[in-house]
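Contents: one structure, followed by commentary.
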Amino acid sequence: MPASVPIGIVTVSDRASQGVYADAGGPAIHAVLARILATPWRAAARLVPDEQPQIMSALTALADRERCPLIITTGGTGPAPRDVTPEATEAVCDRLLPGFGELMRAVSLRAVPTAILSRQTAGTRGRSLIVNLPGKPSAIAECLEAVFPAIPYCIDLIGGPRLETDPAICKAFRPQGA
């Protein structure tokens, strides 16, 4: 395993990518990972507009060139015409893992009824797991914390490096002997 594991963080936002306002989503993901992960890691961050080709390019570069075992996106998961992150994710993935989106929506529904409008998904590309999160920082923490217990074992199963969590914050689930 390298000295630090690269983890992709992709913010999808027209306005943040144009400098209209600061990216809040990427830093929110970084903060959650900093709390949860015990394994040394480093962020490979990208900020792209809501354009499917640019999102796909960022995801494939992080998976194929930078070899990030985990790539987390924020933004572009709603029903608006420019929200194309799920389509970009599905286009670059070998396999989809719909349970991630199902759990995130279920958790978010406890807070807001509009969670049913969210289209976040997850999938694998080679030895990378790609997970879409919503764009709101509070929803990022809520959703990432809900699905993270399954992420280290998923990465084990696809041949990525072993990620350890701080069990006081998030206990990763691995079957006995794994």
Side-chain angles (χ1 to χ4, degrees), residues 1-12 23-48 54-77 85-104 107 120-135 137 139-178:
M1 182 164 65
S4 65
V5 176
I7 296 183
I9 298 175
V10 180
T11 300
V12 179
D23 171 20
I29 292 170
H30 194 284
V32 173
L33 293 174
R35 278 196 342 267
I36 289 176
L37 283 173
T39 300
W41 66 281
R42 62 183 165 75
R46 302 288 187 278
L47 176 57
V48 298
Q54 290 183 40
I55 301 165
M56 291 170 58
S57 178
L59 296 175
T60 57
L62 290 166
D64 300 351
R65 287 197 294 279
E66 299 210 28
R67 306 271 186 238
C68 296
L70 176 60
I71 302 164
I72 303 173
T73 74
T74 178
T77 60
T85 302
E87 288 79 7
T89 300
E90 291 171 10
V92 302
C93 283
D94 305 318
R95 291 185 170 173
L96 295 178
L97 300 167
F100 280 87
E102 293 164 5
L103 177 57
M104 289 186 277
V107 166
Q120 64 253 36
T121 190
T124 60
R125 179 181 177 86
R127 293 184 177 183
S128 298
L129 169 63
I130 301 169
V131 179
N132 299 155
L133 298 177
I140 287 169
E142 181 179 74
C143 289
L144 190 51
E145 289 167 4
V147 299
F148 210 91
I151 286 176
Y153 186 53
C154 180
I155 292 171
D156 292 349
L157 290 172
I158 61 175
R162 188 171 177 96
L163 294 181
E164 298 292 348
T165 61
D166 177 343
I169 307 295
C170 172
K171 185 168 175 18
F173 175 82
R174 287 186 167 99
Q176 290 289 339

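Only a predicted model underlies this, so the values are computations on that prediction, with no experimental measurement involved.
Taking the six-membered ring where tryptophan is involved, the planes of W41 and H30 are tilted, since the angle between them lies from 30° to 60°.
Every residue meeting the side-chain hydrogen bond (donor to acceptor under 3.5 Å, both in side chains) condition with R46, not counting sequence neighbours, appears here in chain and number order: E66. Remark: A31 pairs with no residue by the side-chain contact (heavy atoms from CB on, under 4.5 Å) rule, at least two apart or across chains. By the salt bridge (charged side-chain N to carboxylate O under 4.0 Å, His left out) test, E102 pairs with no residue at all, sequence neighbours left out. Annotation: side-chain contact (heavy atoms from CB on, under 4.5 Å) contacts of A91 (sequence neighbours excluded): Q52, M56. Here T11 pairs with D23 under the side-chain hydrogen bond (donor to acceptor under 3.5 Å, both in side chains) rule; sequence neighbours left out. Under the rule for a salt bridge (charged side-chain N to carboxylate O under 4.0 Å, His left out), R42 has no partner lying at least two apart in sequence or in another chain. In this structure, the side-chain contact (heavy atoms from CB on, under 4.5 Å) partners of A146, at least two apart in sequence or on a different chain, are L103, V107. Legend: residues meeting side-chain contact (heavy atoms from CB on, under 4.5 Å) with A150, ordered by chain and number and at least two apart, are absent.
Considering only heavy atoms from C-beta on, V48 comes within 4.5 Å of V10 through its side chain. In this structure, the side chains of L37 and E164 stay at 4.5 Å or more apart for every pair of heavy atoms. The shortest side-chain heavy-atom distance between T74 and I9 does not fall under the 4.5 Å cut-off. Annotation: side chain of V5 is not in contact with side chain of P40 (no heavy-atom distance under 4.5 Å). The side-chain heavy atoms of P175 and Y153, taken from C-beta on, include a pair separated by under 4.5 Å. The shortest side-chain heavy-atom distance between T77 and T121 does not fall under the 4.5 Å cut-off. Using a 4.5 Å heavy-atom cutoff, the side chains of L59 and I71 are in contact.
Here the straight-line distance linking atom CD1 of I151 with atom CD1 of I7 works out to 9.0 Å at 0.5 Å rounding. The structure places CZ of F100 at 9.5 Å from CZ of F148, a figure rounded to the nearest 0.5 Å. Once rounded to the nearest 0.5 Å, the distance linking CD1 of I140 with CD of E142 reads 11.0 Å.
Closest heavy-atom contact between V147 and M104: CG1-CG, 3.6 Å. Taking both residues in full, the closest heavy atoms of C170 and T165 are given as O-OG1, 2.6 Å, listed atom of the first, atom of the second, then distance.
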Which donor-acceptor pairs under 3.5 Å do side chains of residues 122-135 form with protein atoms, sequence neighbours excluded?
residue: R125; atom: NE; partner: D64; partner atom: OD1; Å: 3.0
residue: R125; atom: NE; partner: D64; partner atom: OD2; Å: 3.2
residue: R125; atom: NH1; partner: V92; partner atom: O; Å: 2.8
residue: R125; atom: NH2; partner: D64; partner atom: OD2; Å: 2.7
residue: S128; atom: OG; partner: C68; partner atom: O; Å: 2.5
residue: N132; atom: OD1; partner: T89; partner atom: OG1; Å: 3.4
residue: N132; atom: ND2; partner: T73; partner atom: OG1; Å: 2.9
residue: N132; atom: ND2; partner: T89; partner atom: OG1; Å: 2.9

Mind running side chain to side chain contact (heavy atoms under 4.5 Å, CB included) on L163 and D156 for me, showing each step along the way? CA-CA 8 Å; L163 294 181; D156 292 349; over 6 Å; no

